[in-house]
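Residue numbers start from 1 in every chain, and the chains themselves are labelled A, B, ... in the order their sequence lines are given, proteins ahead of strands.
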Number of protein chains: 2
Amino acid sequence: MKATIKDIARTAGISYSSVSRALNDLKGVSEQTRQKVKKIAEELEYTPNAVARGLVQKQTGTLGLILPDITNPFYPEIARGVEEQASLAGFNTFLCNTNYDLSKEESYLRNLIEKRVDGIILAPVSSHSNLFEQRKHMPVPFVYLGNTPERTKYSFVLTDNVRGGYLATRTLIEKGYRRIGFISGKDEESPVGGRFTGFKEAMDRYDIDINDDYIRFGNWRLKSGYDIIQQMIGAGIYPEAVFAGNDILAMGILQGIKEKGLSVPEDIAVIGFDDIPYASWPAINLSTIRQPKSRMGKSAVEILIEQLQTENRGGTMLKATKIILDPDLILRGTC
Amino acid sequence: MKATIKDIARTAGISYSSVSRALNDLKGVSEQTRQKVKKIAEELEYTPNAVARGLVQKQTGTLGLILPDITNPFYPEIARGVEEQASLAGFNTFLCNTNYDLSKEESYLRNLIEKRVDGIILAPVSSHSNLFEQRKHMPVPFVYLGNTPERTKYSFVLTDNVRGGYLATRTLIEKGYRRIGFISGKDEESPVGGRFTGFKEAMDRYDIDINDDYIRFGNWRLKSGYDIIQQMIGAGIYPEAVFAGNDILAMGILQGIKEKGLSVPEDIAVIGFDDIPYASWPAINLSTIRQPKSRMGKSAVEILIEQLQTENRGGTMLKATKIILDPDLILRGTC
DNA sequence: CTGAAAGCGCTAACAG
DNA sequence: CTGTTAGCGCTTTCAG
């Protein structure tokens, strides 16, 4: 049986409101009783019950972070940014991994809301997870990270994917490549949308025809890149360069190319997106478009905190904050 | 203002216990009222308050998982195993990342307990995090993962590190290497302890002298491996082979060796520990000792669930479950 | 400085 | 089938 505030009150022979004051370092108790209470609390191995406190205070000191794939090194970097910024503000963050499973995303979202976390950061599986869009009000401060539904009414922070896609493609073009491919996770999703848009814009701008044979969509996992490029090469389809929707896809593509006995960038050049830590690994040395991962996480938290404050001040019309960060071109050895 | 069960009761004109029954699909309500209640709940955008429920039921349906570094691909694999097994049993899992910060570990641990999660899995920063060891009772079902304090009274699941270390070292020896180094994160920690012990046992068994110049301890991050090997080579210290405490250290070592213009395994052979996904990446192709990561996570959850059940049955003396899994030797190109 | 009392939102007997 | 009543553990007025 776990000790409660009442147990302490009883053994101390005082009221439990005094115990509460003593334990929370509020004024209104003599130093003497405070000491006494704290001593007893320790002896009883008392642990405050945050769920009871949460019930009355309507605050839990917790932020929820929902990510699609912690196995992709991109997301842990984001998580770190979130965590750091959150603990600066005195919040704990709970990370939920959906594994690209939309039903898990929904379930975690509901769960976090029911658990009354103070704010939620969601990096959605797909920009079509409308779960939230339909609600009239957001039941809790909320911000999208990265993959954002179009015309959302909620706050978001993302990297300018169109610009990133343009940058990547233009780089390829300026290096002299013409037969350029685009391999990515499923379309219809905002970032791809954006990255693909940027790709098309660049191709258009430089008057280069897009060959549909070179455009392929799979999922976001390494193996997908590997399979797609192998399948392409097997079918005799040779782009001169490919722009991959993210870095782990690019890694899969690199692997696929090499196993076919071809070399990078001589036979096929490659550029990725994200700049995950392994991209700079010498054996990989991947050219890519960098997203400011830590910054993204931190900004998301800042938005949440701000919403929390204005909310507490009785502010009603919380306008959504929209942050679009600039990507950077990182040139390494693969293009 | 968020709608509560009372609001529903009021607008439906019934008692709120009936509402509770209807919403939770308990028997004791007519199908008619159930429908009515559910309809109203939807209109009011009612979201159950899990903290209130948790307070009365003394259960939160949540497991806590504390990991030292989600940036090391080893841990996400564990997290996946935990998650899968947990959702099978109907639990949500909250992941906390300590970033090798002991004070964060303590803080998260306390937090999870205060939040009354139903069970905690802790992969400690160091086997010296005694935080829990001192308590008379564990306030919540608890299991160590991987890095376990010696002679703990709590449950744990880990890989047989001594055996793993022995396996790695024996492999090196049998391949003909004699000047063998060991580079790892800080000692005094159980797994290293174990891995180092295995290393020493193998060296001893084959009557090979250990050269202290080849034994180095840094931290567990990639850069540490890189720095150490570069420093060694720079100082003219050339082992023929090195056993790295984990795979990302090994990757750092690989990088360091190559940047010094040496080649692997011709100049220096390398073997790691963990078998992270990137180890099998062709450009890395790291020989290593595999830990059954997913299995570890799942086993940890199983232990928790079992404790929960015996606890609920009024069982008092929960004996700790101790699981030691076998590592596997994975031979690739680096030794 | 201290105690009594109310109540957060919900579940769970217990009557009817 | 339905309502009434406690009460989970804690904070927070409001008196004293």
Side-chain angles (χ1 to χ4, degrees), chain A residues 1-38 40-41 44-62 110-111 113-118 139-140 312, chain B residues 1-38 40-41 44-62 110-111 113-118 139-140 312:
Chain A
M1 216 58 241
K2 205 164 287 181
T4 78
I5 214 177
K6 284 189 180 175
D7 299 319
I8 300 179
R10 197 179 318 117
T11 83
I14 58 177
S15 76
Y16 55 86
S17 49
S18 291
V19 176
S20 173
R21 286 183 199 108
L23 256 22
N24 292 305
D25 287 318
L26 299 174
K27 58 182 179 181
V29 249
S30 65
E31 198 44 37
Q32 194 187 342
T33 31
R34 191 189 303 281
Q35 297 300 336
K36 188 174 164 190
V37 166
K38 290 202 171 178
I40 297 179
L44 264 39
E45 294 196 339
Y46 168 77
T47 324
N49 184 330
V51 2
R53 176 192 285 136
L55 185 56
V56 23
Q57 290 193 154
K58 292 160 178 313
Q59 279 206 45
T60 54
T62 307
R110 200 177 333 106
N111 249 274
I113 295 174
E114 293 185 357
K115 296 242 163 70
R116 297 299 191 262
V117 297
D118 297 324
V140 49
N312 290 345
Chain B
M1 218 55 241
K2 206 163 284 181
T4 77
I5 215 177
K6 285 189 180 175
D7 298 318
I8 300 179
R10 199 179 316 117
T11 85
I14 57 176
S15 75
Y16 54 86
S17 49
S18 291
V19 176
S20 172
R21 285 181 200 112
L23 257 22
N24 292 305
D25 287 318
L26 299 174
K27 57 182 179 181
V29 249
S30 65
E31 197 45 36
Q32 195 188 343
T33 32
R34 190 187 303 281
Q35 296 302 334
K36 188 174 163 192
V37 166
K38 290 202 171 178
I40 297 178
L44 264 39
E45 294 196 337
Y46 168 77
T47 325
N49 185 328
V51 0
R53 176 192 285 135
L55 184 56
V56 26
Q57 288 191 158
K58 294 159 177 311
Q59 280 205 45
T60 54
T62 308
R110 201 177 333 106
N111 250 273
I113 296 173
E114 293 185 358
K115 295 242 164 68
R116 297 300 192 258
V117 298
D118 297 324
V140 49
N312 289 344

Margin query: Quick check: any donor-acceptor pair below 3.5 Å linking the side-chain of A:Ser17 to the base of C:dA5?
Written below: no
Next item on the list: Take the C1' atoms of the five end pairs on each side of the helix from C:dC1-D:dG16 to C:dG16-D:dC1, derive the two axes, and give their angle rounded to 10 degrees.
Entry: 40°
Notebook entry, point to check: Considering only D:dC10, C:dG9, D:dT11, which nucleotide approaches the side chain of A:Ser20 most closely?
Noted result: D:dT11
Notebook entry, point to check: What distance separates A:Ser18 OG from A:Ile8 CD1, expressed to the nearest 0.5 Å?
Noted result: 12.0 Å
Notebook entry, point to check: Would you say B:Asp118 and B:Val140 make side-chain contact, with heavy atoms under 4.5 Å?
Noted result: no
Notebook entry, point to check: Quick one: B:Gln32 CD to D:dT2 C1', roughly how many Å, whole number?
Noted result: 13 Å
Checklist line | First encountered from the 5' end of DNA chain C, between A:Val29 and B:Lys6 | finding: A:Val29
Note to self: On the nucleotide D:dC10, are OP1 or OP2 found under 4.0 Å from the side-chain N or O atoms that A:Tyr46 carries?
What the structure shows: yes
Note to self: What is the separation between atom CG on B:Leu55 and atom C1' on C:dG7, rounded to the nearest whole Å?
What the structure shows: 12 Å
Check: Nearest-Å distance, CZ (B:Arg34) to C1' (D:dC1)?
Finding: 11 Å
Notebook entry, point to check: Should A:Thr47 and A:Lys2 be marked as a side chain to side chain donor-acceptor pair (under 3.5 Å) after you check the CA-CA gap, both sets of side-chain angles, and the distance that decides it?
Noted result: CA-CA 8 Å; A:Thr47 324; A:Lys2 205 164 287 181; 5.7 Å; no
Check: Going from CG on A:Leu55 to CG on B:Asn49, what distance comes out if it is rounded to the nearest 0.5 angstrom?
Finding: 6.5 Å
Notebook entry, point to check: When rounded to the nearest 0.5 angstrom, what distance separates OH in A:Tyr46 from OG1 in A:Thr4?
Noted result: 7.0 Å
Check: Given atom CD1 of B:Ile5 and atom P of C:dC10, what is their separation to the nearest angstrom?
Finding: 5 Å
Check: Counting just side-chain N and O atoms, does A:Thr33 come under 4.0 Å of either OP1 or OP2 of C:dT2?
Finding: yes
Note to self: Please report the interatomic distance OG(A:Ser20) to CZ(A:Arg53), rounded to the nearest 0.5 Å.
What the structure shows: 8.0 Å
Next item on the list: Take the protein atom CZ of B:Arg53 and the nucleotide atom C1' of C:dA12, then report the distance between them rounded to whole Å.
Entry: 13 Å
Margin query: Looking at the base of D:dG3, is there any donor atom on it, or on the side chain of B:Arg21, that sits under 3.5 Å from an acceptor on the other one?
Written below: yes
Margin query: Expressed as a whole number of angstroms, how long is the span from B:Asn49:CG to C:dT11:P?
Written below: 9 Å
Note to self: Assess whether a salt bridge exists between B:Lys38 and B:Asp25, defined as any Lys/Arg side-chain N lying under 4.0 Å from an Asp/Glu carboxylate O.
What the structure shows: yes
Check: Between C:dA12 and B:Gln57, is there an OP1 or OP2 to side-chain N/O distance shorter than 4.0 Å?
Finding: yes
Notebook entry, point to check: What nucleotide, of D:dT11, D:dG3, D:dC8, holds the atom closest to the side chain of B:Ser18?
Noted result: D:dG3
Next item on the list: Using only side-chain N and O atoms of B:Ser30, determine if any of them is under 4.0 Å from OP1 or OP2 of D:dT2.
Entry: yes
Next item on the list: With DNA chain D as reference, determine whether B:Arg116 or B:Gly28 sits nearer its 5' end, using the nearest nucleotide of each.
Entry: B:Gly28
Next item on the list: Round to the nearest Å and state the distance from B:Tyr16 atom OH to C:dT11 atom C1'.
Entry: 10 Å
Check: Taking atom P of D:dT2 as reference, at what distance in whole Å does atom CD of B:Glu31 sit?
Finding: 11 Å
Check: Nearest of C:dG9, C:dG3, D:dG9 to any side-chain atom of A:Ser15?
Finding: C:dG3
Next item on the list: Determine: side-chain N/O of A:Lys58 to OP1/OP2 of D:dT11, distance under 4.0 Å, yes or no.
Entry: no
Notebook entry, point to check: Are a donor atom and an acceptor atom from the side chains of B:Thr60 and B:Lys115 found within less than 3.5 Å of each other?
Noted result: no
